[in-house]
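Both counts, for ligands and for their atoms, begin at 1 and track the order of listing.
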Amino acid sequence: MAVDSKHFTNVVHAGAQPEAVTGAIMPPIFMTSTYVQEEPGVHKGYDYSRADNPTRAAYERALATIESAKYGLAFSSGLAAEQAIVQLLSPGARVIVSDDVYGGTGRLFRRLYAKYGIDFQFIDLADKAALSAALTPATKMIWVETPSNPTMKIIDVRHIASLAKKAGALTVVDNTFATPIFQSPLQLGADIVVHSTTKYIGGHSDMIGGALMTSDDQLFEQLKFIQFAAGAVPAPLECFLLHRSIKTLAVRMQQHERNAQVVAEMLSKHSKVKRVYYPGLSSDPGHALAKEQMTGFSGMVSFDHGGTYGEVVAFLQKLKVFSLAESLGGVESLVNHPERMTHASVPEDLRRKLGIGPQLIRLSVGIEHVDDLISDLKQAL
Ligand SMILES: *Cc1c(COP(=O)(O)O)cnc(C)c1O
């Protein structure tokens with residue numbers, strides 16, 4: 001699919017306003033912890049940089065703009081942003097979570113927050129009957145990740161958000177894989193969108209960051225308080241660089257998606273490949289729903305290699321343009337072995353159930369020339 005034309009101008013101007021003193025077109029990097037006051041409590045709107053910083057404020061305006069949200073909040077990592085959402089909850093709350101969420105999200109819930117009396121239920125959110133059965137009056141939140149990682153499952157956000165609303169629960173969508181360019185969860189009924197800005201929003205594999213967006217005044221007040229009170233804020237330099245990255249988000253996503261479609265089609269016809277997971281393939285089980293709720297299929301492609309684990313390793317080592325590394329969403333193409341790398345912390349029985357085995361390979365398709373990506377994959381296969 002194509003990037004909606006509105007995004008190209010939107011991302012360039014998001015959050016930008018000439019600086020008041022000099023007219024600088026880019027926001028200055030305000031490397032300051034504190035701000036001089038005229039008399040106690042009388043200041044220019046800033047008193048301490050954990051609470052507010054002008055460079056962060058400009059970046060947060062940009063985050064809100066690209067997600068068509070009223071508010072954006074920046075955090076020091078994707079998981080710090082997720083943690084702020086969990087801190088909205090009280091002991092006794094139940095949270096329904098996609099069973100194939102990002103490995104670190106599952107670890108945060110299972111290893112850190114379950115012991116505070118929050119009950120996380122991991123279920124297959126594509127299974128509508130299981131979801132209805134799990135939903136009880138104690139359910140305060142449903143946590144969705146779509147497309148999922150690493151098998152690119154597509155979850156019906158509109159359906160889940162309407163069920164959640166009736167039950168009085170919040171819907172949270174991790175929009176890291178689709179990006180605001182290809183999916184608008186708030187428009188589909190979600191209450192909060194979370195991003196690891198480490199990935200596509202940052203886009204250059206040089207930073208760790210996270211973000212939340214919402215259009216709900218009350219939720220924003222609570223989340224802003226948590227950001228201030230818990231303190232997982234990014235530094236001004238990071239805010240500047242992430243704001244700068246947003247300007248190229250639409251052109252980058254356009255190229256990521258074009259390349260990923262060609263790569264997925266080539267792989268799906270290759271004799272050494274058993275199965276390809278990419279919602280842009282018309283044969284993919286999530287294709288119809290993805291076409292309905294997304295405006296593009298993004299740049300992540302997974303596949304099952306047809307050979308033994310030894311052959312899989314040989315393939316990974318033969319690649320020259322794709323680098324073997326964790327993470328995703330940067331301009332350079334990466335290849336990852338979920339079972340041994342990104343998803344090693346997922347309990348083994350769940351890994352088997354989700355289809356994360358020795359033959360599964362995940363590609364973060366970069367913005368290089370597609371011919372170079374195709375010939376690299378072909379020579380390694
Ligand atoms: C990477 C990632 C996270 C965690 O973000 P960090 O920036 O690594 O803390 C959360 N969700 C998804 C989908 C991710 O890919």
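- Nearest protein heavy-atom neighbour of atom 4 (C) of ligand 1: Y102 CE2, 3.4 Å.
- Not close to ligand 1: A81, with no non-hydrogen atom less than 4.0 angstrom away.
- Every atom of ligand 1 is numbered from 1 in the order shown, and the set under 4.0 Å from a heavy atom of T176 is 12 (C), 13 (C), 15 (O).
- Under 4.0 Å is where a charged nitrogen must lie from a carboxylate oxygen, and between E348 and R352 at least one such pair does.
- At least one heavy atom of D174 sits under 4.0 Å from some atom of ligand 1.
- A salt bridge links R94 and D119; the closest N-O separation between the charged side-chain nitrogens and carboxylate oxygens is under 4.0 Å.
- The atoms of ligand 1 that sit less than 4.0 Å from any heavy atom of E145 are 13 (C).
- Considering both main-chain and side-chain atoms, F177 never comes within under 3.5 Å of ligand 1 through any nitrogen or oxygen pair.
- A donor-acceptor pair under 3.5 Å is absent between the side-chain atoms of T139 and the main chain of L135, judged by distance alone.
- We find that D124 and K153 are joined by a salt bridge, their nearest charged nitrogen and carboxylate oxygen being less than 4.0 Å apart.
- Checking side-chain atoms of K224 against main-chain N and O of A51 turns up a donor-acceptor pair under 3.5 Å.
- The cationic group of R110 lies under 6.0 Å from the six-membered ring centre of F122 and within 45° of the ring axis, placing it in a cation-pi geometry.
- Taking every heavy atom of G209 and a limit of under 4.0 angstrom, the matching atoms of ligand 1 come to 7 (O).
- Of the polar atoms of L328, none of the N or O atoms is found under 3.5 Å from an N or O of ligand 1, judged by distance alone.
- For R50 and F228, the positive end sits near the middle of the six-membered ring, less than 6.0 Å away and at most 45° from its axis.
- Of all atoms in ligand 1, listed by their number and element, those nearer than 4.0 Å to a heavy atom of K199 are 1 (C), 2 (C), 3 (C), 14 (C), 15 (O).
- Within the structure, the closest approach of E82 to ligand 1 falls below 4.0 Å when heavy atoms are considered.
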